[in-house]
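Some notes on the structure that comes next.
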Amino acid sequence: MSELSPFRYRQDMTVSVGNKRVRCSGTHINEIISKGIISEPDIAIMKVYKEYGYLNRYNATRLVNEVYSGSGWIKEDYGSNFKKLTEHAILIKYDITGDESWPPCYSLSHGADVYMEQSFGSRLLKSLSRPASAVITGHPEELMRILSANQFHASMFSFYKSAIKKYYRQYVVRFDETSAVLDYIYRIENKQAHKGYYDVAVISQRHYDGWDKDYRMRLMGCVKCGILECPVVIVLCENDVYTLEAERVRLANNGINRLAVYYTIDINSAFSSESPLNGVYRYRGMGTDMAYDVVNLNI
């Protein structure tokens, strides 16, 4: 079985806030900026969280260094910046505990989110800007799903930034009096494709009670989504065992069993040296004869 995902879901996991203070205001942020306490790297971190909502430190660092690669202040570790932003309640730190160990993740506090809207434009999606209390008492599997999808996007951004014509994040598809969330949708330029591009839909699927029903709905969302044209679907799983379980669910359901679906695991997109589209699984066969090919997607 593959290496443990940093975003694996377990029923015993709990989420708690690691901050001593959780509230800040735009006045306070302006004050510490004017005093030089908040610097360019801090603002860059805030901008990344403004766009992505929830990230662990590793992936936030990866995105900051990718987006601001031409800046003179780039560094490998922003630990002191995260500590400062957390102390001033600009970032909320979420500690994730249980029988296993998970790295903490962060998001903007409500006050910082409002400040970023007023200073830099649109606010976060509603699903990415919940109050800390809602994250703690809500569904940890949703937090893990978003973290997994954002890690995958950080890797996609590193490798395919120039080819991505546009993308959508946490895209809600409504159909048949229900809805499904597609974590990312990419339109990737490729001159060899029929229309000059490929559409890629990304689903992060965590393993919890009732996951198979949600998975079927998300795949059906790919079928019903009006902006997708013959999409390639990439499903992010916690480990390789779950990819086989997910594929069996897909094959057993009409309407989604003809989709072009590839599987990968969270750990495959965790390293900046490897493309997230290399080493994905494509299953073939049925029942006990099922096998998979390892594929490097060139899209």
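Hydrogens, waters and symmetry mates play no part in the numbers below; they use all other heavy atoms, side chains included.
- Side-chain contact, Asp183 with Gln170: a donor N or O sits under 3.5 Å from an acceptor N or O.
- For Arg218 (side chain) and Tyr215 (main-chain N/O), no donor-acceptor pair under 3.5 Å exists by modelled atom type.
- Screening Asn81, Leu91, Ile45, Asp77 for a side-chain contact (heavy atoms from CB on, under 4.5 Å) with Arg57, the sole residue that qualifies is Asp77.
- The closest side-chain heavy-atom distance from Ile267 to Ser5 is not below 4.5 Å.
- Side-chain atoms of Lys84 come within 3.5 Å of backbone N or O of Ile37 as a donor-acceptor pair.
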Is there a side chain to side chain donor-acceptor pair (under 3.5 Å) between Tyr197 and Glu229 once you walk through the steps? CA-CA 10 Å; Tyr197 58 81; Glu229 301 176 20; 3.0 Å; yes
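- When side chains are defined from C-beta on, Ile185 does not count as touching Val202, because their heavy atoms never get closer than 4.5 Å.
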Pair Asp95, Lys93 - check salt bridge (charged side-chain N to carboxylate O under 4.0 Å, His left out), show working. CA-CA 6 Å; Asp95 293 320; Lys93 178 186 176 187; 3.7 Å; yes
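- A continuous path of Ile, Leu, Val, Met, Phe, Trp and Tyr side chains, each step under 4.5 Å between heavy atoms, connects Phe82 with Leu63, placing both in one hydrophobic cluster.
- Residues Ile33 and Met46 fall within the same hydrophobic cluster, defined by Ile, Leu, Val, Met, Phe, Trp and Tyr side chains chained together at heavy-atom separations under 4.5 Å.
- The aromatic ring centroids of Tyr168 and Tyr184 lie 6.0 Å or more from each other.
- By the rule that hydrophobic residues join a cluster once side-chain heavy atoms approach within less than 4.5 Å of another member, Leu236 and Val181 end up as members of separate clusters.
- Using a distance-only test at 3.5 Å, with no hydrogens or angles considered, no donor-acceptor pair links the side chain of Tyr167 to the main chain of Ile164.
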Take Leu219 and Val233 through the test side chain to side chain contact (heavy atoms under 4.5 Å, CB included) and record every step on the way to the result. CA-CA 8 Å; Leu219 287 181; Val233 181; 4.0 Å; yes
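- For the residue pair Gln205/Arg145, the side-chain donor-acceptor check at 3.5 Å is not satisfied.
- Rounding to the nearest 0.5 angstrom, the gap separating the OH atom in Tyr242 from the OH atom in Tyr9 is 11.5 Å.
- Counting only distance, with no hydrogens or angles, the side chain of Asn150 and the backbone of His153 share no donor-acceptor pair below 3.5 Å.
- Taking the six-membered ring where the residue is Trp, the centroids of His139 and Tyr208 are separated by 6.0 Å or more.
- The backbone N or O of Asp99 sits less than 3.5 Å from a side-chain atom of Asp12, completing a donor-acceptor pair.
- Distance NE2/His28 to CZ/Arg23: 14.0 Å, rounded to 0.5 Å.
- In Lys83, the NZ atom is not crowded: 12 or fewer heavy atoms of neighbouring residues, nucleotides or ligands sit closer than 6.0 Å.
- We find the CD1-CG distance between Ile234 and Leu297 to be 5.5 Å, quoted to the nearest 0.5 Å.
- Ion pairing of Asp199 with Arg187 is present here, as a side-chain N (NZ or NE/NH1/NH2) and a carboxylate O approach within less than 4.0 Å.
- Taking a cutoff of 4.0 Å between a charged side-chain nitrogen and a carboxylate oxygen, Arg10 and Glu100 qualify as a salt bridge.
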Using salt bridge (charged side-chain N to carboxylate O under 4.0 Å, His left out), reason through Lys35 and Glu31 one step at a time and then give a plain yes or no. CA-CA 6 Å; Lys35 290 180 178 180; Glu31 180 181 342; 3.1 Å; yes
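- Side chain of Gln151 to backbone of Asp266: a donor-acceptor contact under 3.5 angstrom is found.
- Nearest heavy atoms, Pro276 versus Thr264: O-OG1, 4.4 Å.
- Rounded to the nearest 0.5 Å, atoms CZ (Phe7) and CD1 (Ile146) are 11.5 Å apart.
- Counting only N and O atoms by type, the side chains of Ser107 and Tyr94 include a donor and acceptor under 3.5 Å apart.
- The closest side-chain donor-acceptor pair between Asn30 and Thr27, if any, does not fall under 3.5 angstrom.
- With a 4.5 Å cut-off on side-chain heavy atoms, Thr86 and Tyr106 count as touching.
- In this structure, a donor-acceptor pair under 3.5 Å is present between the side chains of Asp209 and Gln11.
- Ionic pairing of Asp293 and Arg284 is present here: one or more N-O contacts between side-chain nitrogen and carboxylate oxygen are shorter than 4.0 angstrom.
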Check residues 243-251 and write down every donor-acceptor pair under 3.5 Å in which the side-chain atom is one partner and the other belongs to a residue at least two apart or another chain.
residue	atom	partner	partner atom	Å
Thr243	OG1	Asp240	O	2.5
Thr243	OG1	Tyr283	OH	2.7
Glu245	OE1	His207	NE2	2.9
Glu247	OE1	Arg250	NE	2.9
Glu247	OE1	Tyr263	OH	2.8
Glu247	OE2	Arg250	NH2	2.9
Arg250	NH1	Ile256	O	3.4
Arg250	NH1	Asn257	O	2.9
Arg250	NH1	Leu259	O	3.2

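- With hydrogens and angles left out, the side-chain atoms of Ser148 and Arg206 include a donor and acceptor closer than 3.5 Å.
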Test side chain to side chain contact (heavy atoms under 4.5 Å, CB included) applied to Met220 and Asn253, step by step: CA-CA 10 Å; Met220 187 56 70; Asn253 287 269; over 6 Å; no
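- Within a 6.0 Å sphere centred on CZ of Arg21, other residues, nucleotides and ligands contribute more than 12 heavy atoms.
- A pairwise comparison of heavy atoms in Cys225 and Tyr171 identifies SG-CE2, 3.7 Å as the closest pair.
- Under a hydrophobic-cluster definition in which Ile, Leu, Val, Met, Phe, Trp and Tyr are linked whenever side-chain heavy atoms come within less than 4.5 Å, directly or via other members, Phe120 and Ile32 are assigned to the same cluster.
- Closest heavy-atom contact between Ala89 and Val22: CB-C, 3.7 Å.
- Counting non-hydrogen atoms of neighbouring residues, nucleotides and ligands closer than 6.0 angstrom, the NZ atom of Lys20 reaches no more than 12 such neighbours.
- In the hydrophobic clustering of ILVMFWY residues, with side-chain heavy atoms under 4.5 Å counting as a link, Trp102 and Val17 come out together.
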List, one per line, each side-chain donor-acceptor pair under 3.5 Å for residues 66-74, sequence neighbours excluded.
residue	atom	partner	partner atom	Å
Glu66	OE1	Ser158	OG	3.3
Ser71	OG	Tyr68	O	3.3
Trp73	NE1	Glu40	OE1	3.3

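- For the pair Asn56 (side chain) and Pro103 (backbone), a donor-acceptor distance under 3.5 Å is absent.
- Ser25 and Tyr115 share no donor-acceptor pair across their side chains, judged by distance under 3.5 Å alone.
- Checking side-chain atoms of Asn296 against main-chain N and O of Gly279 turns up a donor-acceptor pair under 3.5 Å.
- Surrounding CZ of Arg282 are more than 12 heavy atoms belonging to other residues, nucleotides or ligands, all under 6.0 Å away.
- Side chain of Asp176 to backbone of Thr178: no donor-acceptor contact under 3.5 angstrom is found.
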